[in-house]
Amino acid sequence: MVDRLGIAVVGFGWMGRVHTQAYARLPHHFPQLPLRPELVTVADEVPGRAEQAAQQYSFASATRHWREVAADPRVRAVSITAPNFLHREIGVAMAEAGKHIWIEKPVGLTAQDAGAVADAVAKAGVQGTVGFNYRNAPAVQAARELIAAGEIGTVTHIRVRLFSDYAAHPEGALTWRYELERGGSGVLGDLASHGVDLARHLLGDIESLTADTAVFVPERARPTGATAGHTRATGGELGPVENDDYVNCLLRFASGARGVLEACRVSVGEQNNYGFEIHGTTGAVFWDYRRMGELGVSRGTAYQDQPVSTVYVGPGAGEFGAFQPGSANTMGYDDLKVIEAYGFLRSIAEGTPYGATLEDAVASATALDAMTRSAQRRTWVDLGTA
(Lines give C-alpha, C1' and ligand atoms only; values in the text may rest on other atoms or scores of the structure.)
Protein backbone atom coordinates (compact mmCIF):
# COMPACT_ATOMS: atom_id res chain seq x y z
CA MET A 1 0.00 0.00 0.00
CA VAL A 2 1.31 3.46 -0.91
CA ASP A 3 1.14 6.20 1.71
CA ARG A 4 0.71 9.84 0.68
CA LEU A 5 3.29 12.21 2.14
CA GLY A 6 2.29 15.86 2.41
CA ILE A 7 5.12 18.02 1.07
CA ALA A 8 5.85 21.74 1.43
CA VAL A 9 8.55 23.78 -0.27
CA VAL A 10 9.81 26.91 1.53
CA GLY A 11 11.59 29.32 -0.79
CA PHE A 12 10.78 29.13 -4.48
CA GLY A 13 13.80 30.41 -6.30
CA TRP A 14 15.64 28.13 -8.70
CA MET A 15 16.42 25.50 -6.05
CA GLY A 16 12.81 25.38 -4.91
CA ARG A 17 11.85 24.51 -8.47
CA VAL A 18 14.48 21.78 -8.60
CA HIS A 19 13.15 20.18 -5.41
CA THR A 20 9.56 20.37 -6.63
CA GLN A 21 10.43 18.78 -9.96
CA ALA A 22 12.37 16.04 -8.16
CA TYR A 23 9.30 15.14 -6.10
CA ALA A 24 7.20 14.96 -9.27
CA ARG A 25 9.64 12.54 -10.90
CA LEU A 26 10.06 10.17 -7.94
CA PRO A 27 7.25 7.73 -8.83
CA HIS A 28 8.65 7.32 -12.34
CA HIS A 29 12.22 6.51 -11.30
CA PHE A 30 11.59 4.83 -7.95
CA PRO A 31 8.17 3.16 -8.12
CA GLN A 32 9.14 0.82 -5.27
CA LEU A 33 8.97 3.67 -2.74
CA PRO A 34 6.10 3.08 -0.29
CA LEU A 35 5.58 6.87 -0.06
CA ARG A 36 4.18 9.19 -2.73
CA PRO A 37 4.87 12.92 -2.39
CA GLU A 38 1.80 15.13 -2.44
CA LEU A 39 2.47 18.84 -3.01
CA VAL A 40 0.51 20.54 -0.25
CA THR A 41 1.82 24.08 0.00
CA VAL A 42 4.58 26.42 -1.16
CA ALA A 43 5.90 29.47 0.71
CA ASP A 44 7.86 32.45 -0.58
CA GLU A 45 7.95 36.00 0.73
CA VAL A 46 8.21 37.60 -2.72
CA PRO A 47 4.70 38.79 -3.66
CA GLY A 48 3.07 36.51 -6.22
CA ARG A 49 5.90 33.98 -6.43
CA ALA A 50 4.27 31.29 -4.28
CA GLU A 51 0.94 31.69 -6.06
CA GLN A 52 2.61 31.33 -9.44
CA ALA A 53 4.43 28.23 -8.23
CA ALA A 54 1.21 26.71 -6.92
CA GLN A 55 -0.47 27.24 -10.25
CA GLN A 56 2.42 25.87 -12.30
CA TYR A 57 3.21 22.83 -10.14
CA SER A 58 -0.24 22.09 -8.69
CA PHE A 59 0.43 22.78 -5.02
CA ALA A 60 -2.86 22.74 -3.12
CA SER A 61 -2.14 26.12 -1.52
CA ALA A 62 0.36 28.99 -1.35
CA THR A 63 1.52 31.42 1.33
CA ARG A 64 4.06 34.18 1.87
CA HIS A 65 4.72 33.07 5.45
CA TRP A 66 6.79 29.98 6.20
CA ARG A 67 5.47 29.77 9.78
CA GLU A 68 2.10 28.82 8.34
CA VAL A 69 3.84 25.77 6.86
CA ALA A 70 5.15 24.75 10.29
CA ALA A 71 1.59 24.93 11.66
CA ASP A 72 -0.02 23.08 8.75
CA PRO A 73 -1.08 19.55 9.83
CA ARG A 74 -1.24 18.43 6.20
CA VAL A 75 2.53 18.86 5.86
CA ARG A 76 4.73 15.98 6.98
CA ALA A 77 7.95 16.88 5.14
CA VAL A 78 9.47 20.19 4.08
CA SER A 79 12.06 21.24 1.51
CA ILE A 80 13.96 24.26 2.84
CA THR A 81 15.35 26.13 -0.16
CA ALA A 82 15.27 29.67 1.22
CA PRO A 83 18.40 31.87 1.46
CA ASN A 84 21.19 30.66 3.75
CA PHE A 85 20.54 33.06 6.62
CA LEU A 86 17.04 31.60 7.11
CA HIS A 87 18.10 27.95 7.23
CA ARG A 88 18.68 27.73 10.97
CA GLU A 89 15.43 29.40 12.01
CA ILE A 90 13.28 27.53 9.51
CA GLY A 91 15.04 24.19 9.99
CA VAL A 92 14.70 24.26 13.77
CA ALA A 93 11.06 25.37 13.60
CA MET A 94 10.09 22.65 11.12
CA ALA A 95 11.83 19.92 13.11
CA GLU A 96 10.19 21.11 16.33
CA ALA A 97 6.85 20.97 14.52
CA GLY A 98 7.53 17.30 13.74
CA LYS A 99 8.29 17.79 10.04
CA HIS A 100 10.98 15.84 8.24
CA ILE A 101 13.33 18.24 6.44
CA TRP A 102 15.30 18.22 3.21
CA ILE A 103 17.47 21.30 3.60
CA GLU A 104 19.93 22.86 1.22
CA LYS A 105 23.53 23.32 2.21
CA PRO A 106 25.30 25.01 3.90
CA VAL A 107 22.51 24.75 6.54
CA GLY A 108 22.93 28.24 7.92
CA LEU A 109 25.92 30.53 8.12
CA THR A 110 28.12 28.67 10.62
CA ALA A 111 28.77 25.28 12.16
CA GLN A 112 26.77 26.50 15.16
CA ASP A 113 23.76 27.04 12.88
CA ALA A 114 24.11 23.59 11.33
CA GLY A 115 24.51 22.07 14.77
CA ALA A 116 21.32 23.73 16.01
CA VAL A 117 19.34 22.21 13.14
CA ALA A 118 20.99 18.82 13.68
CA ASP A 119 20.11 18.93 17.38
CA ALA A 120 16.49 19.87 16.62
CA VAL A 121 16.18 17.01 14.11
CA ALA A 122 17.64 14.50 16.58
CA LYS A 123 15.48 15.70 19.46
CA ALA A 124 12.30 15.60 17.36
CA GLY A 125 13.08 12.14 15.98
CA VAL A 126 12.51 13.27 12.40
CA GLN A 127 14.65 12.65 9.33
CA GLY A 128 16.97 15.29 7.89
CA THR A 129 18.58 15.17 4.45
CA VAL A 130 21.07 17.77 3.19
CA GLY A 131 21.57 18.93 -0.41
CA PHE A 132 25.08 17.64 -1.09
CA ASN A 133 23.99 16.44 -4.51
CA TYR A 134 27.36 15.75 -6.17
CA ARG A 135 27.98 12.73 -3.96
CA ASN A 136 24.88 11.21 -5.62
CA ALA A 137 26.50 10.94 -9.05
CA PRO A 138 26.75 7.22 -9.87
CA ALA A 139 30.38 7.69 -10.94
CA VAL A 140 31.21 9.20 -7.55
CA GLN A 141 29.59 6.22 -5.85
CA ALA A 142 31.62 3.91 -8.10
CA ALA A 143 34.79 5.79 -7.20
CA ARG A 144 34.00 5.44 -3.50
CA GLU A 145 33.56 1.69 -3.83
CA LEU A 146 36.73 1.39 -5.90
CA ILE A 147 38.72 3.25 -3.24
CA ALA A 148 37.19 1.25 -0.38
CA ALA A 149 38.07 -2.00 -2.17
CA GLY A 150 41.72 -0.97 -2.35
CA GLU A 151 41.74 -0.81 -6.15
CA ILE A 152 44.18 2.13 -6.12
CA GLY A 153 46.07 1.02 -3.02
CA THR A 154 46.28 3.34 -0.02
CA VAL A 155 45.07 6.83 -0.90
CA THR A 156 47.89 9.35 -0.67
CA HIS A 157 46.33 12.59 -1.87
CA ILE A 158 43.26 14.23 -3.40
CA ARG A 159 42.68 17.42 -5.34
CA VAL A 160 39.12 18.81 -5.40
CA ARG A 161 38.20 21.73 -7.65
CA LEU A 162 35.01 23.80 -7.90
CA PHE A 163 35.35 26.63 -10.41
CA SER A 164 32.43 28.65 -11.75
CA ASP A 165 31.73 31.97 -13.43
CA TYR A 166 28.28 32.66 -11.95
CA ALA A 167 29.62 35.72 -10.11
CA ALA A 168 32.30 36.73 -12.61
CA HIS A 169 30.36 39.56 -14.25
CA PRO A 170 31.01 42.87 -12.45
CA GLU A 171 27.34 43.79 -13.00
CA GLY A 172 26.16 40.82 -10.95
CA ALA A 173 23.64 42.21 -8.46
CA LEU A 174 24.65 42.73 -4.83
CA THR A 175 22.14 40.22 -3.47
CA TRP A 176 22.08 38.47 -0.10
CA ARG A 177 24.71 36.04 -1.41
CA TYR A 178 27.41 38.70 -1.04
CA GLU A 179 26.55 39.80 2.51
CA LEU A 180 28.06 38.28 5.64
CA GLU A 181 24.83 38.48 7.65
CA ARG A 182 22.69 36.78 5.01
CA GLY A 183 25.07 34.96 2.67
CA GLY A 184 27.67 33.84 5.19
CA SER A 185 31.08 32.86 3.86
CA GLY A 186 30.45 33.36 0.14
CA VAL A 187 32.16 30.83 -2.10
CA LEU A 188 32.98 28.71 0.94
CA GLY A 189 29.31 28.00 1.63
CA ASP A 190 28.27 27.99 -2.03
CA LEU A 191 30.94 25.70 -3.51
CA ALA A 192 33.63 24.68 -1.01
CA SER A 193 30.93 23.07 1.16
CA HIS A 194 30.38 20.59 -1.69
CA GLY A 195 34.13 20.04 -1.97
CA VAL A 196 34.44 19.24 1.73
CA ASP A 197 31.53 16.81 1.50
CA LEU A 198 33.01 15.06 -1.53
CA ALA A 199 36.40 14.80 0.15
CA ARG A 200 34.90 13.36 3.35
CA HIS A 201 32.57 11.04 1.45
CA LEU A 202 35.49 9.57 -0.49
CA LEU A 203 38.39 9.69 1.99
CA GLY A 204 36.92 10.04 5.47
CA ASP A 205 37.32 12.66 8.17
CA ILE A 206 39.48 15.76 7.78
CA GLU A 207 41.80 16.29 10.71
CA SER A 208 43.28 19.75 10.04
CA LEU A 209 43.60 22.38 7.34
CA THR A 210 45.08 25.70 6.31
CA ALA A 211 43.44 28.10 3.88
CA ASP A 212 43.75 31.37 2.00
CA THR A 213 40.81 33.43 0.71
CA ALA A 214 40.27 36.49 -1.48
CA VAL A 215 37.65 38.90 -2.85
CA PHE A 216 38.32 39.72 -6.52
CA VAL A 217 35.16 41.75 -7.31
CA PRO A 218 35.01 44.13 -4.32
CA GLU A 219 31.88 46.15 -5.26
CA ARG A 220 28.52 45.43 -6.90
CA ALA A 221 25.33 47.36 -7.61
CA ARG A 222 22.39 46.90 -5.27
CA PRO A 223 19.27 45.49 -6.99
CA THR A 224 16.22 47.71 -7.20
CA GLY A 225 13.67 44.86 -7.07
CA ALA A 226 13.20 41.18 -6.31
CA THR A 227 15.92 38.91 -7.64
CA ALA A 228 16.26 35.21 -8.40
CA GLY A 229 19.41 33.33 -9.26
CA HIS A 230 22.41 35.37 -10.40
CA THR A 231 20.78 38.44 -11.93
CA ARG A 232 22.60 41.58 -13.07
CA ALA A 233 22.05 45.13 -11.85
CA THR A 234 23.16 48.43 -13.35
CA GLY A 235 22.64 51.94 -12.11
CA GLY A 236 22.03 50.93 -8.52
CA GLU A 237 24.04 52.16 -5.56
CA LEU A 238 27.36 50.37 -5.25
CA GLY A 239 28.00 48.38 -2.12
CA PRO A 240 30.86 46.23 -0.81
CA VAL A 241 31.13 42.49 -1.36
CA GLU A 242 31.53 41.22 2.19
CA ASN A 243 32.37 37.56 1.66
CA ASP A 244 34.91 35.61 -0.33
CA ASP A 245 35.10 34.96 -4.07
CA TYR A 246 37.95 32.46 -3.80
CA VAL A 247 39.44 29.90 -1.41
CA ASN A 248 42.29 27.43 -1.58
CA CYS A 249 42.93 24.98 1.20
CA LEU A 250 45.39 22.28 2.19
CA LEU A 251 43.84 19.30 3.97
CA ARG A 252 45.16 16.57 6.25
CA PHE A 253 42.90 13.54 6.66
CA ALA A 254 42.67 11.24 9.67
CA SER A 255 43.83 8.43 7.36
CA GLY A 256 47.12 10.23 6.72
CA ALA A 257 46.16 11.31 3.21
CA ARG A 258 46.71 14.88 2.08
CA GLY A 259 44.46 17.09 -0.01
CA VAL A 260 44.03 20.35 -1.92
CA LEU A 261 40.63 22.01 -2.24
CA GLU A 262 40.17 25.08 -4.45
CA ALA A 263 36.93 26.93 -5.20
CA CYS A 264 36.13 30.15 -7.04
CA ARG A 265 32.86 31.81 -8.11
CA VAL A 266 34.43 34.41 -10.41
CA SER A 267 36.48 32.17 -12.72
CA VAL A 268 36.01 33.58 -16.22
CA GLY A 269 35.90 30.76 -18.76
CA GLU A 270 34.84 28.15 -16.20
CA GLN A 271 31.28 26.83 -16.16
CA ASN A 272 30.64 24.30 -13.38
CA ASN A 273 34.15 22.90 -13.57
CA TYR A 274 33.82 20.58 -10.60
CA GLY A 275 35.69 17.37 -9.97
CA PHE A 276 38.44 15.51 -8.20
CA GLU A 277 41.70 13.63 -8.75
CA ILE A 278 42.58 10.96 -6.22
CA HIS A 279 45.93 9.18 -6.14
CA GLY A 280 46.87 6.04 -4.26
CA THR A 281 49.96 3.90 -3.86
CA THR A 282 49.05 1.70 -6.85
CA GLY A 283 46.63 3.77 -8.93
CA ALA A 284 44.38 6.80 -9.35
CA VAL A 285 40.80 7.82 -10.10
CA PHE A 286 39.58 11.01 -11.79
CA TRP A 287 36.09 12.55 -12.12
CA ASP A 288 34.80 15.63 -13.95
CA TYR A 289 31.21 16.68 -13.24
CA ARG A 290 30.84 17.91 -16.82
CA ARG A 291 31.42 14.30 -17.96
CA MET A 292 29.30 12.95 -15.15
CA GLY A 293 29.11 9.32 -16.24
CA GLU A 294 32.84 8.83 -16.78
CA LEU A 295 35.67 7.84 -14.49
CA GLY A 296 39.34 7.96 -15.34
CA VAL A 297 40.87 4.92 -13.64
CA SER A 298 44.49 3.80 -13.37
CA ARG A 299 45.20 0.57 -11.55
CA GLY A 300 47.69 -2.26 -11.72
CA THR A 301 51.27 -2.96 -10.70
CA ALA A 302 53.25 -0.92 -13.21
CA TYR A 303 53.52 2.26 -11.12
CA GLN A 304 55.56 4.17 -13.70
CA ASP A 305 53.91 4.80 -17.11
CA GLN A 306 50.75 3.05 -15.92
CA PRO A 307 47.90 3.94 -18.30
CA VAL A 308 44.57 5.58 -17.46
CA SER A 309 41.38 4.00 -18.80
CA THR A 310 38.03 5.74 -19.28
CA VAL A 311 35.25 3.80 -17.58
CA TYR A 312 31.63 4.58 -18.44
CA VAL A 313 29.49 3.78 -15.44
CA GLY A 314 26.17 2.02 -15.89
CA PRO A 315 23.52 0.03 -14.02
CA GLY A 316 25.02 -1.16 -10.77
CA ALA A 317 26.77 2.14 -10.09
CA GLY A 318 24.80 4.05 -7.48
CA GLU A 319 21.25 4.71 -8.72
CA PHE A 320 22.19 4.81 -12.41
CA GLY A 321 19.81 1.97 -13.25
CA ALA A 322 16.80 4.02 -12.16
CA PHE A 323 17.48 6.47 -14.99
CA GLN A 324 19.26 4.72 -17.87
CA PRO A 325 19.41 1.13 -19.18
CA GLY A 326 23.05 0.92 -20.17
CA SER A 327 26.51 2.39 -19.70
CA ALA A 328 27.50 5.71 -21.30
CA ASN A 329 23.94 7.06 -21.35
CA THR A 330 24.04 10.53 -19.86
CA MET A 331 22.51 11.87 -16.68
CA GLY A 332 22.08 15.49 -15.56
CA TYR A 333 22.08 17.73 -12.50
CA ASP A 334 18.34 17.38 -11.89
CA ASP A 335 18.74 13.60 -11.80
CA LEU A 336 21.08 13.97 -8.83
CA LYS A 337 18.34 15.84 -6.96
CA VAL A 338 15.84 13.09 -7.78
CA ILE A 339 18.28 10.63 -6.18
CA GLU A 340 18.51 12.96 -3.19
CA ALA A 341 14.71 13.12 -2.93
CA TYR A 342 14.62 9.31 -3.08
CA GLY A 343 17.05 9.09 -0.18
CA PHE A 344 14.94 11.59 1.78
CA LEU A 345 11.68 9.71 1.34
CA ARG A 346 13.35 6.35 1.88
CA SER A 347 14.75 7.69 5.15
CA ILE A 348 11.24 8.67 6.21
CA ALA A 349 9.74 5.34 5.14
CA GLU A 350 12.35 3.18 6.84
CA GLY A 351 13.38 5.40 9.75
CA THR A 352 17.04 5.08 8.74
CA PRO A 353 19.11 7.89 7.17
CA TYR A 354 20.04 7.55 3.50
CA GLY A 355 22.26 10.09 1.79
CA ALA A 356 23.86 13.18 3.31
CA THR A 357 22.67 13.92 6.85
CA LEU A 358 22.73 16.89 9.22
CA GLU A 359 25.87 15.36 10.76
CA ASP A 360 27.52 15.68 7.34
CA ALA A 361 26.37 19.31 7.22
CA VAL A 362 27.91 19.99 10.62
CA ALA A 363 31.20 18.39 9.55
CA SER A 364 31.27 20.48 6.36
CA ALA A 365 30.39 23.68 8.21
CA THR A 366 33.07 22.99 10.82
CA ALA A 367 35.65 22.76 8.02
CA LEU A 368 34.36 26.00 6.45
CA ASP A 369 34.59 27.83 9.78
CA ALA A 370 38.13 26.49 10.15
CA MET A 371 39.00 27.78 6.67
CA THR A 372 37.82 31.26 7.60
CA ARG A 373 39.77 31.17 10.86
CA SER A 374 42.86 29.84 9.13
CA ALA A 375 42.77 32.55 6.47
CA GLN A 376 42.46 35.23 9.15
CA ARG A 377 45.26 33.82 11.31
CA ARG A 378 47.41 32.47 8.47
CA THR A 379 47.93 29.19 10.28
CA TRP A 380 46.86 25.54 10.41
CA VAL A 381 43.63 24.78 12.27
CA ASP A 382 42.82 21.46 13.94
CA LEU A 383 39.19 20.58 13.24
CA GLY A 384 38.93 18.96 16.64
CA THR A 385 39.28 22.41 18.17
CA ALA A 386 37.82 24.50 15.30
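All values reported here derive from a predicted model rather than from experimental measurement.
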Notebook entry, point to check: Between Gln56 and Arg17, is a side chain to side chain donor-acceptor pair (under 3.5 Å) present by the stated rule, with each step listed?
Noted result: CA-CA 10 Å; Gln56 182 176 358; Arg17 293 176 183 271; 3.2 Å; yes
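- Looking at Thr281, its side chain never comes within 3.5 Å of a backbone N or O of Gly153 through a donor-acceptor pair.
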Show your reasoning for whether side chain to side chain donor-acceptor pair (under 3.5 Å) applies to Asp369 and Thr372. CA-CA 5 Å; Asp369 286 359; Thr372 299; 5.5 Å; no
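- The minimum heavy-atom distance linking Gly11 with Thr81 is given by the pair O-OG1, 2.5 Å.
- Within the 3.5 Å criterion, the main-chain N or O of Leu250 finds no donor-acceptor partner in the side chain of Thr210.
- Side-chain contact between Pro37 and Leu26 is present, with at least one heavy-atom pair separated by less than 4.5 Å.
- Within the structure, every pair that satisfies the salt bridge (charged side-chain N to carboxylate O under 4.0 Å, His left out) test and touches residues 204-216, not counting sequence neighbours, is listed here: Arg200-Asp205.
- Within 6.0 Å of atom CZ in Arg25, more than 12 heavy atoms from other residues, nucleotides or ligands are found, so the atom counts as buried in its surroundings.
- Residue Gln32 places its CD atom among more than 12 non-hydrogen atoms of other residues, nucleotides or ligands, all under 6.0 Å distant.
- Using a distance-only test at 3.5 Å, with no hydrogens or angles considered, no donor-acceptor pair links the side chain of Asp244 to the main chain of Val187.
- Pairs of residues two or more places apart, or lying in two chains, that qualify as side-chain hydrogen bond (donor to acceptor under 3.5 Å, both in side chains) and include a residue from residues 105-119 are Arg88-Asp113.
- Using modelled atom types and a 3.5 Å distance limit, the side chains of Glu262 and Tyr246 yield a donor-acceptor pair.
- When every heavy atom of Gly189 is checked against every heavy atom of Leu368, the shortest pair comes out as CA-CD1, 3.9 Å.
- Enclosure of atom CZ in Arg291 is not indicated, since only 12 or fewer non-hydrogen atoms of other residues, nucleotides or ligands lie within 6.0 angstrom.
- The ring-ring contact (aromatic ring centres under 6.0 Å, His included) contacts involving residues 108-136 comprise Phe132-His194, Tyr134-His194, Tyr134-Tyr274, Tyr134-Tyr289, where partners must be two or more places apart or lie in separate chains.
- A donor-acceptor contact closer than 3.5 angstrom is absent between the side chains of Thr310 and Glu294.
- Residues Asn272 and Tyr333 have side chains that never bring a donor and an acceptor to within less than 3.5 angstrom of each other.
- Ring-plane geometry between Phe323 and Phe30 is classed as perpendicular, the angle between the planes exceeding 60 degrees on a 0 to 90 degree scale with a lower cut at 30.
- Counting only residues at least two apart or in different chains, side-chain hydrogen bond (donor to acceptor under 3.5 Å, both in side chains) contacts with residues 93-103 comprise Trp102-Glu340.
- Ring centroid separation for the pair Phe286 and His279 comes in under the 6.0 Å cut-off.
- Judged by distance alone, the side chains of Thr352 and Glu350 never bring a donor and an acceptor atom under 3.5 Å apart.
- Contacts classified as ring-ring contact (aromatic ring centres under 6.0 Å, His included) and involving residues 43-91 (residues at least two apart or in different chains) are given here: Phe12-Tyr57.
- Considering Val40, Val126, Val10 as possible partners of Val78, the one that fulfils the side chain to side chain contact (heavy atoms under 4.5 Å, CB included) test is Val10.
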Run the side chain to side chain contact (heavy atoms under 4.5 Å, CB included) check on Glu171 and Val217 step by step: do they pass?
CA-CA 10 Å; Glu171 292 180 1; Val217 183; over 6 Å; no
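- Legend: residues meeting ring pair (Phe, Tyr, Trp, His ring centres under 6.0 Å) with Tyr312, ordered by chain and number and at least two apart, are absent.
- Between Lys337 and Glu104, at least one side-chain nitrogen of the basic residue sits less than 4.0 Å from a carboxylate oxygen of the acidic one, meeting the salt-bridge criterion.
- In terms of modelled atom types and a separation under 3.5 Å, the side chain of Arg36 and the main chain of Pro27 share no donor-acceptor contact.
- Screening Leu261, Val196, Leu383 against Leu209 for a side chain to side chain contact (heavy atoms under 4.5 Å, CB included) leaves a single residue, Leu383.
- Heavy atoms only, all atoms of each residue included: Ala142 and Val313 are closest at CB-CG1, 4.1 Å.
- Cluster annotation: Leu198 and Val362 are assigned to distinct hydrophobic clusters (Ile/Leu/Val/Met/Phe/Trp/Tyr, side-chain heavy-atom contacts under 4.5 Å, transitive).
- Surrounding CD of Glu51 are more than 12 heavy atoms belonging to other residues, nucleotides or ligands, all under 6.0 Å away.
- With hydrogens and angles ignored, the 3.5 Å screen pairs no side-chain donor or acceptor of Arg76 with any backbone N or O of Gly98.
- Without hydrogens or angle criteria, Ser164 side chain to Arg265 main chain gives no donor-acceptor distance under 3.5 Å.
- The distance from atom CG of Leu251 to atom CZ of Arg258, rounded to the nearest 0.5 Å, is 10.5 Å.
- For Glu68, the CD atom sits in a packed shell: over 12 heavy atoms of surrounding residues, nucleotides or ligands are nearer than 6.0 Å.
- Counted within 6.0 Å of CZ on Arg378, heavy atoms from surrounding residues, nucleotides or ligands total 12 or fewer; the atom is thus considered open.
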